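What's counted below: heavy atoms across the whole structure, side chains too, no hydrogens, waters or symmetry copies. Protein chains get the first letters and strands the later ones, always in sequence-line order, with residue 1 at the start of each. Predicted model, so just to flag it, every value in this text is computed and none were measured.
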Amino acid sequence: MTELAHPDRLAKIEAMRAEGLDPYPARGVAAEAIADLIAALGTPEAPGPRAGTTATIAGRLLSQRDFGKLVFAPVLDRSGRLQIGLERDRLGDWWPKRKWLDGGDLVGATGVLGHTKKGEPTLWVTELTLLAKSVAPPPEKWHGLVDVEARYRRRYVDLWASEGVSAVFLKRSRIVSAIRRFLEAQGYIEVETPTLHPILGGAAARPFTTHYNALDHDFFLRIAPELYLKRCIVGGLERVFEIARNFRNEGLSPRHNPEFSMLELYEAQADYRRMMEISETMIESIAREVNGTTSVRFRGVDYDLRAPFERASYLELFEKHAGCAYDDQPGVRAKARELSIPDPGNFSKLSNDVFEACVEDHLHGPVIVYDYPVEISPLAKRKPGAPKIAERFEIFLGGMELGNAFSELNDPADQYQRFAEQVASKDPEAPGEIDIDYVQALEYGMPPAGGLGIGIDRLVMVLTGQDTIRDVLLFPALRPRSFESGESGEVVTPKKT
RNA sequence: GGGCGCGUAGCUCAGUCGGUAGAGCAACUGGCUUUUAACCAGUAGGUCCUAGGUUCGAUCCCUAGCGCGCUCACCA
């Protein structure tokens, strides 16, 4: 045990065992969902079909209000909260044992559904089961967990002790489910590609590195699934998607977590115009499905996710907000100096830094910014008649990038050349070697295709109104907690959280 | 990594212009059959994040460290 276990609760466990009651029984109880029962119970004025019937619920006992010969206590399950009523004259054997119960315990309760004098739905209990004793005291009942560190470290408490937390994760699940149904309805299949990559690719980011013992080779945790998904397109699967956990060994922020979920999809015979359409219709459809509306409030601002989204050209936005063309070297360098943007040693990167500094704050959204410089889009196809422009777009909302898409480059010679330029660049985030196998895949022929990536976590932030990515991740990245071993060897004592 | 801030009971928070600390909730004892942040009376619970320094004396001041938050940088 740790020092979190409360002596009074441990003493109750001993008392129970002395009476032959197992505080951690092997079997649960067959229980109905509380929300369903409340709906079927109706009101005192208009009783539903379950009023007066017997029901069993199972969940966490949150607190107790003891009136001597009557105890009221709310019980929480995954679907909702229902008050149980323990009466001396109904409860039988369990009446004297009720003192063994504490807030936080997991219980099963069977009884008759009804209401109190004040109309509160109540299960009048005839049979009680302790399903698991909670020896750690729960957080304060009114505030729940407030300390943000404690909330993230002990999400298993936060989920039931803090208002509204579990609802975010229920909605996240529905969002992901809605994405799958939307794409499957359009003929997409879900695929799984490697997480361990021998060569970096598909994005520019610092990787997590690991060593593959059986192959005696260093591998990288993927920074993007893109190059494998496009191999699937070469293979003729034609419409594929993956909900991929990506890993980038970079800083944390309200919008960044080192491991994050990305939806990537690729469609043969499509191009970036089709990707614009599928992005906005998918986002609109998901919003309607999980929220019942296309209106969302994010960071205090209202947005409407109805398709079509506003369109804006990268080049025009650049000129409008930076005051010069993106490839006007003297102009861009002057603007960079004015904004104190350091020179990354690469003009196209500097130019994009200027874009991000000048333009992104103006992107209220949802807005599709299209036609990017080809130098910063090494996997995108050139625009017909404009070889310096790539058929690429990004989706922005509230100054945050939600998605990135392009017409996929399928010319193996052009792809080889662009990989070679990346490898030759001084950029520490560029891949260290050319992915020859990927070039060879293109040499077999990849049909014209469009591809799209959407940050799932950020989409969930928008649709649930959460300001920080950590509130849409069950277990956000935190420094590991240190524990001190106790003298007995069995005892583990948490140092201060 | 830089700057700013925070760390006190299981939880939520006061407080000490430097004299080793309080409240509410939770727990425990007693009372109460309609509460819903129930109520009333009582009890117990603390490495004031850690380590140094200054001081007669440090939870408080100083320095360093650890953890967390905000922010900047980084994140095509």
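Ranking U12(B), C70(B), A27(B) by closeness to the R470(A) side chain, first place goes to C70(B). Distance from the side chain of L145(A) is smallest to C11(B) among G69(B), A27(B), C11(B).
A close approach under 4.0 Å does not occur between any side-chain nitrogen or oxygen of R151(A) and OP1 or OP2 of C11(B). Proximity of R153(A) to the phosphate of G67(B): no side-chain N or O atom is located under 4.0 Å from OP1 or OP2. Between R479(A) and the phosphate of C66(B), there is no side-chain N or O to OP1/OP2 separation shorter than 4.0 Å.
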Under 3.5 Å, N/O pairs linking protein and nucleotides 31-34 of chain B:
| residue | atom | partner | partner atom | Å |
| --- | --- | --- | --- | --- |
| C32(B) | N3 | D66(A) | O | 3.2 |
| C32(B) | N4 | D66(A) | O | 3.3 |
| C32(B) | N4 | G68(A) | N | 3.4 |
| U33(B) | OP2 | F67(A) | O | 3.1 |
| U33(B) | OP2 | K69(A) | N | 3.3 |
| U33(B) | O4 | D89(A) | OD2 | 2.7 |
| U34(B) | O2 | K117(A) | N | 3.1 |

Pairs: protein N or O with nucleotides 23-25 of chain B N or O, under 3.5 Å:
| residue | atom | partner | partner atom | Å |
| --- | --- | --- | --- | --- |
| C25(B) | O3' | K141(A) | NZ | 3.3 |

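Side-chain contact between F72(A) and T116(A) is present, with at least one heavy-atom pair separated by less than 4.5 Å.
For R273(A), the salt bridge (Lys or Arg N to Asp or Glu O under 4.0 Å) test picks out D271(A), with sequence neighbours left out.
Using a 4.0 Å heavy-atom cutoff across all strands shown, G144(A) reaches sugar-phosphate atoms only and no base atom. Across all strands, P378(A) comes closer than 4.0 Å to base atoms (heavy-atom distances). A205(A) comes within 4.0 angstrom of no nucleic acid atom, judged by non-hydrogen atoms across all strands. Nucleic acid contact for A161(A): none, since no nucleic acid atom lies under 4.0 Å from a heavy atom of the residue. Across all strands, E375(A) comes closer than 4.0 Å to no nucleic acid atom at all (heavy-atom distances).
Taking atom P on both G5(B) and A76(B), the two are 32 Å apart, rounded to the nearest angstrom.
Taking the six-membered ring for Trp, Y314(A) and F355(A) have ring centres closer than 6.0 Å.
The nearest whole Å value for the distance from the CG atom in L61(A) to the P atom in A27(B) is 10 Å. Across the protein-nucleic acid pair, D147(A) atom CG and A9(B) atom C1' stand 15 Å apart, rounded to whole Å. One can place NZ of K12(A) at 7 Å from P of A27(B), the figure rounded to the nearest angstrom. Taking atom CZ on F318(A) and atom P on A76(B), their separation rounds to 17 Å, with Å as the unit. Rounded to an integer number of Å, the gap from CH2 of W160(A) to C1' of C11(B) is 11 Å.
Checked by atom type and distance alone, the side chain of D457(A) pairs as donor or acceptor with a backbone atom of S261(A) at under 3.5 Å.
Nearest heavy atoms, A109(A) versus L128(A): CB-CD1, 3.9 Å. F247(A) approaches I223(A) most closely through the heavy-atom pair O-CG2, 3.2 Å.
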